[in-house]
Visitor: 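Have a look at this one before I ask anything.
No hydrogens, no waters, no symmetry mates; every other heavy atom, side chains included, goes into these values. Per chain, numbering begins at 1; letters A, B, ... match sequence-line order.
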2 protein chains.
Amino acid sequence: MLTDRQLMILQVIIDDFIESAKPVGSRALSKKDTLPYSAATIRNEMADLEELGFLEKTHTSSGRVPSEKGYRYYVDHLIGPEIYQHGLGIIERLTNNGIYEFEQIVQTAAEALSKLTNYTSIILGPEMFETTVKQIQVLALSDQSAVAILVTNTGHVEHRSFTLPKGVSSSDLEKLVNILNNRLQGIPLYRIPEVIQNEVASLMMKYMNGVDSSLNWIRTLFTQEQAVKLYFGGKANILMQPEFNDVDRIRSFYSLMEREDEIVNLLKNSNQGIKVSIGHENEVEEIKDLSLITASYHIGGGQMGTIALIGPTRMEYKKVLSLMESISKEMTGAMGKWYSDKS
Amino acid sequence: MLTDRQLMILQVIIDDFIESAKPVGSRALSKKDTLPYSAATIRNEMADLEELGFLEKTHTSSGRVPSEKGYRYYVDHLIGPEIYQHGLGIIERLTNNGIYEFEQIVQTAAEALSKLTNYTSIILGPEMFETTVKQIQVLALSDQSAVAILVTNTGHVEHRSFTLPKGVSSSDLEKLVNILNNRLQGIPLYRIPEVIQNEVASLMMKYMNGVDSSLNWIRTLFTQEQAVKLYFGGKANILMQPEFNDVDRIRSFYSLMEREDEIVNLLKNSNQGIKVSIGHENEVEEIKDLSLITASYHIGGGQMGTIALIGPTRMEYKKVLSLMESISKEMTGAMGKWYSDKS
DNA sequence: TGTTAGCACTCTCATGTTTTGAGTGCTAAA
DNA sequence: TTTAGCACTCAAAACATGAGAGTGCTAACA
């Protein structure tokens with residue numbers, strides 16, 4: 001195992017590199033008064049640490065740089081529990097006037113996170129699987145057009161405008177809304193198409209005329225692409241990092257950011273709690289030289305979303321980890337409040 | 001004025017430069033069979049065109065590059081009416097199942113525009129000044145929380161979740177909704193706060209108890225920050241352009257893209273029809289070396305939004321202009337359909 | 001036995017120099 | 001009026017050089 005001195009040196013090297021982004025040399029280290037050893041001694045220890053795989057050199061005579069293994073060790077063992085104080089209460093400030101807007105909370109959180117860290121943050125909206133229908137309303141806008149509104153038990157509002165098929169009267173519309181509410185209230189969103197097919201269809205046949213043509217549009221109406229929404233913060237922040245001094249690097253990063261489905265996958269399969277993926281621990285090619293930190297937040301009732309932060313492997317893990325922890329807690333807190341019982 | 005030959009040469013030079021992004025020299029030009037003159041002749045003409053300000057050299061012995069004046073002339077006089085065929089009908093394809101979702105249409109249009117051109121597109125949502133209230137609904141989610149929904153005559157749906165102040169019963173809520181609908185229907189959005197203050201308040205006093213504390217939250221509830229929404233397409237496209245080979249250039253561009261209010265201003269004050277701003281014709285520092293094309297689209301009733309495309313001054317104006325024209329028409333068409341009379 | 005000073009060596013980076021090639025302007029001939 | 005020819009210019013690529021920071025190793029030291 002590592003000696004105490006090696007641990008100490010490793011820690012100092014990583015801290016230094018995280019701050020400066022420049023390979024750290026033995027001489028410079030011994031000059032700082034953090035380490036009471038001569039350059040030569042430090043050199044020896046460095047050589048050992050390199051042999052063990054915690055450090056690397058960029059070329060034969062350069063200073064040392066932490067390896068991914070080094071960062072991993074640092075994250076797992078060398079970070080004390082440090083509480084990051086700033087930036088707490090952002091979400092509280094937003095909600096204490098009584099207005100909760102999901103989108104707004106999430107967007108604010110994403111922006112705060114990126115602003116406080118100078119990295120890029122991504123927040124994944126919650127899975128809606130367990131969300132159920134609270135109420136459905138259809139409102140005619142004109143003779144030919146109407147808007148359908150669906151409210152879920154979590155207070156989400158989905159809506160869609162559409163043109164009315166010919167021959168649908170306003171009383172038909174009323175009947176339809178009744179049937180829909182009758183059959184769909186309390187039903188989870190993902191079951192909507194099925195229930196429409198099996199139950200609503202026959203009822204419509206019974207009470208309304210000229211249904212055959214309309215049935216189809218009702219189905220499409222409520223079959224929303226169940227896309228999970230992504231919220232970004234500080235997409236441009238990453239450009240400030242010296243490791244993004246290369247145009248191709250930037251290109252590949254931004255092209256990934258546009259492939260939202262891939263990002264969703266990337267963030268989704270993170271378990272509970274906070275997870276750190278360093279460099280090649282990431283599956284996606286474009287971020288094999290970056291670190292990704294994910295944390296989950298919850299809306300009552302088990303649904304959850306993910307908060308993520310992307311930055312160079314040379315990331316301020318100490319700060320970031322405690323910050324992520326507190327923000328995910330805050331979000332869980334804020335969200336829980338407005339979640340209603342499944343009814 | 002310019003001779004025919006000068007016009008011809010200017011056109012060929014600009015076309016060539018737009019395609020290759022490299023300064024074009026006399027020899028290379030005379031080799032192409034577009035121009036039946038020798039290099040020397042072309043050189044003489046080029047010298048004249050430069051003196052007139054249509055061309056520039058990047059250094060004493062380089063090929064010529066179009067100046068902003070050159071592009072301006074090109075756009076104003078040298079582009080024939082060319083109809084760009086591809087990519088038409090994108091929006092129709094979206095709406096022919098009867099479902100119009102404003103956001104979706106606009107987002108699709110933005111993406112199509114950027115994909116077809118390889119530049120970055122921005123679409124400005126419509127001003128809502130003339131939009132009026134169609135209906136308001138408040139739906140309790142639980143004992144403490146509720147969601148308020150506002151539908152406009154154009155089919156826009158705004159919603160907000162909030163916690164109910166203590167002591168508000170469900171019958172209170174019902175009364176409230178009645179009062180709101182009674183007083184606010186047909187009222188333009190921007191007048192809502194005023195009407196609440198002047199008319200709704202007194203009615204609430206009369207028919208509900210414990211109002212004083214609640215009035216405030218109702219006001220905030222319906223005082224939405226009247227932000228115009230922006231839709232982006234192909235933010236990463238611009239990175240493919242050779243003029244973005246410099247990290248600082250990229251930084252400044254993306255930092256502008258994050259200052260949404262500035263972008264709104266930039267796009268807003270464009271008049272009807274299509275407008276091309278080349279390089280320094282733009283007011284904003286960050287795009288003084290880019291070209292910005294804006295076109296307006298309309299939702300019935302005079303409201304309008306803006307479609308914009310940002311690319312290098314070396315832009316494929318021919319293609320872009322006709323494309324913008326047809327997309328803005330398509331959008332106006334699609335939008336108009338679902339607009340209801342002001343009622 | 002662990003620590004340190006000293007020295008030769010290595011590699012990057014910044015700077016300076018040379019070469020090459022594309023392009024121009026001008027002159028004189030067609 | 002057009003074109004061929006030639007001297008000249010400049011940017012960019014290729015190459016050369018030196019300084020600086022860092023290493024590894026050896027030998028001396030506590």
Visitor: Are A/K115 and A/E111 within salt-bridge range, i.e. N to O under 4.0 Å?
Guide: no
Visitor: Holding to side chain to side chain donor-acceptor pair (under 3.5 Å), I want the full list of residues that pass it with B/T120, two or more places apart in sequence or in another chain.
Guide: none
Visitor: For the CD atom of B/Q241 and the CZ atom of B/F253, what is their distance to the nearest 0.5 Å?
Guide: 10.5 Å
Visitor: Provide, to the nearest angstrom, the distance between the CG atom belonging to A/L29 and the P atom belonging to C/dT3.
Guide: 16 Å
Visitor: Which whole-number value in Å describes the distance from B/R27 CZ to D/dT3 P?
Guide: 15 Å
Visitor: Among residues 32-47 of chain A, which residues get a heavy atom nearer than 4.0 Å to DNA chain D?
Guide: A/R43, A/M46
Visitor: List in numerical order all residues of residues 4-19 of chain B for which some heavy atom is under 4.0 Å away from an atom belonging to DNA chain D.
Guide: B/R5
Visitor: Looking at the side chain of B/S61, which of C/dT24, C/dT12, D/dT9 is the nearest nucleotide?
Guide: D/dT9
Visitor: Do the rings of B/Y73 and B/F54 sit parallel, tilted or perpendicular, given the 30° and 60° boundaries?
Guide: perpendicular
Visitor: Between A/R72 and A/E68, does any side-chain N to carboxylate O distance fall below 4.0 Å?
Guide: no
Visitor: Does D/dG24 have its OP1 or OP2 closer than 4.0 Å to a side-chain nitrogen or oxygen of A/R64?
Guide: yes
Visitor: Verify the distance criterion only: is there a donor paired with an acceptor across the side chains of B/R259 and B/S255 at less than 3.5 Å?
Guide: yes
Visitor: Can you check whether B/K57 has a side-chain N or O nearer than 4.0 Å to OP1 or OP2 of C/dG25?
Guide: yes
Visitor: D/dG22 C1' sits how many Å from A/E50 CD, rounded?
Guide: 12 Å
Visitor: To the nearest Å, give me how far apart CG (B/L49) and C1' (C/dT24) are.
Guide: 15 Å
Visitor: Please confirm whether the shortest side-chain N or O distance from B/T58 to OP1 or OP2 of D/dA11 is below 4.0 Å.
Guide: no
Visitor: Below 4.5 Å, heavy atoms only, C-beta onward: do A/E50 and A/E56 meet side chain to side chain?
Guide: no
Visitor: Closer than 4.0 angstrom, basic N to acidic O: yes or no for A/E45 and A/R5?
Guide: yes
Visitor: Check whether any side-chain N or O of A/K22 sits under 4.0 Å from OP1 or OP2 of C/dT12, and answer yes or no.
Guide: no
Visitor: If we check salt bridge (Lys or Arg N to Asp or Glu O under 4.0 Å) with A/E243, which of these qualifies: A/R314, A/R249, A/K22?
Guide: A/R314
Visitor: Send over the distance from A/E56 CD to D/dG22 C1', rounded to a whole Å.
Guide: 17 Å
